[in-house]
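First the structure, in the form of structure tokens, and then the observations on it.
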Amino acid sequence: MPADVVEILRWGHSGLAAVLEVHPDRPVALRELTAGPVSVRARVSQPVVEVLVPGEGRARASQRLSETAVGSRLRYAGSEQSSADGWHELRVRMRDEVSGLAAELTLRSPDGVPAVQASVRVTNQGAEPVLLLAVTSFAAGFLGLPVADLDVLYGDSDWLGENRWTSRPLADHVPDLGLTGHGQHGKSVFALTSTGTWSSGRHVPMGGLSERRTGRTWLWQIEHNGAWRWEAGDRMDGAYVALSGPTDPDHQWSELLAPGESFVTVPVSVAVSDDGVEGAAAALTAHRRALLRPHPDRPALPVVFNDYMNTLMGDPTTDKLLPLIDAAAAAGAEVFCVDAGWYDDGGDWWDSVGEWLPSRSRFPRGLEEVLARIAGHGMTAGLWLEPEVIGVRSPMAGKLPAEAFLQRGGVRLAEHGRHHLDLRHPAAVAHLDQVVDRLVEELGVGYFKLDYNVNPGAGTDVGATSVGAGLLAHNRAHLAWLEGVLDRHPHLVLENCGSGAMRMDYAMLSRLQLQSTSDQQDFLRYPPIAVAAPLSMLPEQAANWAYPQPGMTDEEIAFTMCTGIMGRLYLSGNLHRMTPEQLALVRDGVRLHQSLRPDLLRATPCWPLGLPGWDDPWLALGLRTEHGTHLGIWRRPGAAETTVLRLPHLAGRDLRAQAAYPAPQEGWSAAWNPRTAELTVTATVPAPTARILHLRPY
């Protein structure tokens, strides 16, 4: 190719278009990634792959994953396009002659969906070992748009306070410094990271950029059950994005590649839309559904009753469970999960877990009696399990070899009274396989709530170049173990829980069937978590707790039920102590949820009051389907009686707001204006109060 010729590489399908620029003297760059017509804009210079190595670092000093020395030298070496099984794939090969490193970028996209999954394979084709310090999974200029025109979207997350989303001007974090006048790319960056194995313990492993004027949006997720980083910054030709798994500066990760060896990054996905964050969320929703491992739970979405939240709180016994099981069945539950404590004989089980043998003191006639009662009602029996940890007082701590645990400096890591298994080791895997197979095959368990309450930190220095590399290998072994469990037990349902939702990512959720969205026990604080959840996960995977209690008013019961109904209903509460009228109110909510399940599998989320703030007095979540829009609306104490919901996708349509739950809808009214696409909702009953409405054509 002559030095002055630029080759344009086009790839995509009916839902997505990508344009890459190939030049003999510059790295490959992504100029377009769009759901609409392609109109190649100003040149974008951000290399599609960045590689940080210690001998050279960055081409210009900064704390960014942009403009690395190797990344700036990678040159196009060929590409292939293919399609199979509903997926389109592009592979772009690059090589750096100086370091001897080759990189292959893989882009995969489901047919018709405006989203792409990206990963990078780096191979040492040189004669000497090379130490990798960071490799991006996706790097691109954001369509040549300036920072001043963009908003950045990110989600903070915490135990009891998950999915707290913020949208701010990117310029608040990355100021306009007049780069073109200096002839250099910038050094400033807005970066979020997560360390250890709580992938959402500080921030949701997602982010987004939107052009304020047009609504053009990229929304991304990092699909890793461990450490990650994403960043957005400024270059002379506009904003850029770089997404990665663990890095050396952030996570003590490095990987030594001997000649001929390769390293593959964690996958990330990017959804694109010209319709703002909601349009990108719809695209990412469709993409997530394409990523899911097939499972019989998916079309069924059974209602789960779990005995923990505000109910037994980790103290189950036969006498406590039997009436609760009967009441849960009467309410319409289809799975009954016995939560923490079922293995405990001593009353102080936190640091002694690991054998997972049923307690005899809690269940004098055996746990089998309880599980048989569950099965007798036609419900699937479930158990809580925290498989990756071994309590420091557990007999298993002495039975398993030291190498079966994460270690630093020859010492087993301990956190909150637990050691952490290293699932690279066959003894650790064999132990967990034996536990799961025994509980499934001997006790008939069909559902596990897989909890995860400790974070082991940076990783392990056993058998790895770095502690971060040891942790990444363990993370990947953990995913392989989960896949093996589901291969052996294809009907087994696995819930993803991590102190609520502190490991909420699509490495896990592409494999597991549902996600606990929080441990929040205050029913007034739960709605913002539930309303925001469908931005972070599929609505049908969002297991939102509804925990009605006999001491609640009818409005409070309806309030907490609405929280669960608009996701994957996750029921708890002392139902066996309720009056018949209260239980009927719960049962009505369960039946409504069950009627919504076919729509839930196809719905895309919208937020008629915007993404929720933690203290918002009114909250609303819409689930859009081809038949209409389902609305959950919550009014918390202190809210005005009236609010206005904006639903631009329904503009110009004559609709009726049909009351769905609870019935009758006393004290609530709703008026639809098709011209302004606004629904004015008034609630005169005292807060807290909530309703579910269906907006349907006349």
Side-chain angles (χ1 to χ4, degrees), residues 153-168 200-208 219 277-278 281 285 309-310 497-502 504 514-548 552 555-570 572 589 603-623 630-640 643-647 679 681 683 687-693:
L153 177 72
Y154 55 96
D156 293 327
S157 204
D158 197 355
W159 183 59
L160 311 181
E162 295 82 353
N163 294 310
R164 304 191 316 277
W165 289 93
T166 300
S167 179
R168 296 181 60 185
S200 53
R202 295 170 57 194
H203 309 286
V204 181
M206 291 179 60
L219 187 63
V277 171
E278 286 191 1
T285 297
M309 189 69 80
N310 296 341
C497 179
S499 282
M502 298 180 74
M504 175 181 62
L514 67 163
Q515 169 72 57
S516 170
T517 56
S518 187
D519 277 352
Q520 178 56 252
Q521 292 177 242
D522 186 341
F523 77 106
L524 295 175
R525 287 187 168 92
Y526 212 124
I529 298 170
V531 170
L535 186 54
S536 306
M537 68 193 80
L538 289 172
E540 63 266 33
Q541 289 184 300
N544 299 320
W545 287 94
Y547 30 70
M552 288 180 170
E555 285 293 339
E556 290 172 334
I557 289 174
F559 189 97
T560 189
M561 288 299 298
C562 287
T563 300
I565 289 168
M566 289 297 286
R568 179 73 181 267
L569 179 56
Y570 203 52
S572 195
T604 58
C606 64
W607 294 274
L609 295 174
L611 288 170
W614 186 247
D615 296 315
D616 283 358
W618 282 91
L619 303 109
L621 171 64
L623 297 175
H630 306 294
L631 290 174
I633 309 169
W634 294 259
R635 178 179 175 235
R636 297 200 281 185
T643 191
V644 178
L645 281 61
R646 292 167 180 82
L647 298 152
L679 184 72
V681 174
T689 181
R691 295 292 185 267
I692 293 176
L693 307 178

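At a threshold of 4.5 Å between non-hydrogen side-chain atoms, the residues T563 and W545 do not count as touching. Residues N163 and M504 meet the side-chain proximity criterion, which asks for heavy atoms closer than 4.5 Å. Contact annotation: the side chain of V681 never approaches that of L631 to less than 4.5 Å [non-hydrogen atoms, C-beta and beyond]. Looking at R164 and D158, their side chains come closer than 4.5 Å, going by heavy atoms from C-beta outward. Considering only heavy atoms from C-beta on, M309 stays 4.5 Å or farther from Y570 through its side chain.
No donor-acceptor pair under 3.5 Å is formed between the side chain of R568 and the backbone N or O of S516.
Contact between P527 and W634 at its shortest, heavy atoms only, is CG-CD1, 3.8 Å. Closest approach of A546 to T560, counting heavy atoms only: CB-O, 3.2 Å. L621 and A530 get closest at one heavy-atom pair: CD2-O, 4.2 Å. Smallest separation of non-hydrogen atoms from P548 and I557: CB-CG2, 3.9 Å. Between R636 and L524, the closest heavy-atom pair is NH1-O, 2.7 Å. Here the shortest heavy-atom pairing between V531 and P534 reads O-CD, 3.3 Å.
With rounding to the nearest 0.5 Å, the separation of CG in L609 from CG in L645 is 4.5 Å. One finds the CD atom of E556 at 10.0 Å from the OG1 atom of T689 (value rounded to the nearest 0.5 Å). Once rounded to the nearest 0.5 Å, the distance linking CG of L153 with CG of L611 reads 6.5 Å. Expressed to the nearest 0.5 Å, how far CE of M206 lies from CG of L219 amounts to 4.0 Å. Rounding to the nearest 0.5 Å places CE of M561 at 5.0 Å from CG of L569. Taking CD of Q515 as the start and SG of C497 as the end, the distance is 7.5 Å to the nearest 0.5 Å.
Annotation: side-chain hydrogen bond (donor to acceptor under 3.5 Å, both in side chains) contacts involving residues 607-621, sequence neighbours excluded, are absent. Sorted by first and then second residue, the pairs that involve residues 533-545 and meet salt bridge (Lys or Arg N to Asp or Glu O under 4.0 Å), not counting sequence neighbours, are R289-E540, R298-E540. The salt bridge (Lys or Arg N to Asp or Glu O under 4.0 Å) pairs that include a residue from residues 514-524 are D522-R525, where partners are two or more places apart or lie in different chains.
Listed by chain and number, the residues in a side chain to side chain donor-acceptor pair (under 3.5 Å) with S157 amount to none (sequence neighbours excluded). Every residue meeting the side chain to side chain contact (heavy atoms under 4.5 Å, CB included) condition with S518, not counting sequence neighbours, appears here in chain and number order: E162, Q520, Y526, I529. Residues that satisfy the side chain to side chain contact (heavy atoms under 4.5 Å, CB included) test with A542, not counting sequence neighbours, are T517, A533, M537, N544.
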Step by step, work out the side-chain contact (heavy atoms from CB on, under 4.5 Å) result for L535 and V204.
-> CA-CA 10 Å; L535 186 54; V204 181; over 6 Å; no
Check the pair F559 / M552 against side-chain contact (heavy atoms from CB on, under 4.5 Å), numbers first and verdict last.
-> CA-CA 10 Å; F559 189 97; M552 288 180 170; over 6 Å; no
Apply side-chain contact (heavy atoms from CB on, under 4.5 Å) to N310 and S572, showing your working.
-> CA-CA 8 Å; N310 296 341; S572 195; over 6 Å; no
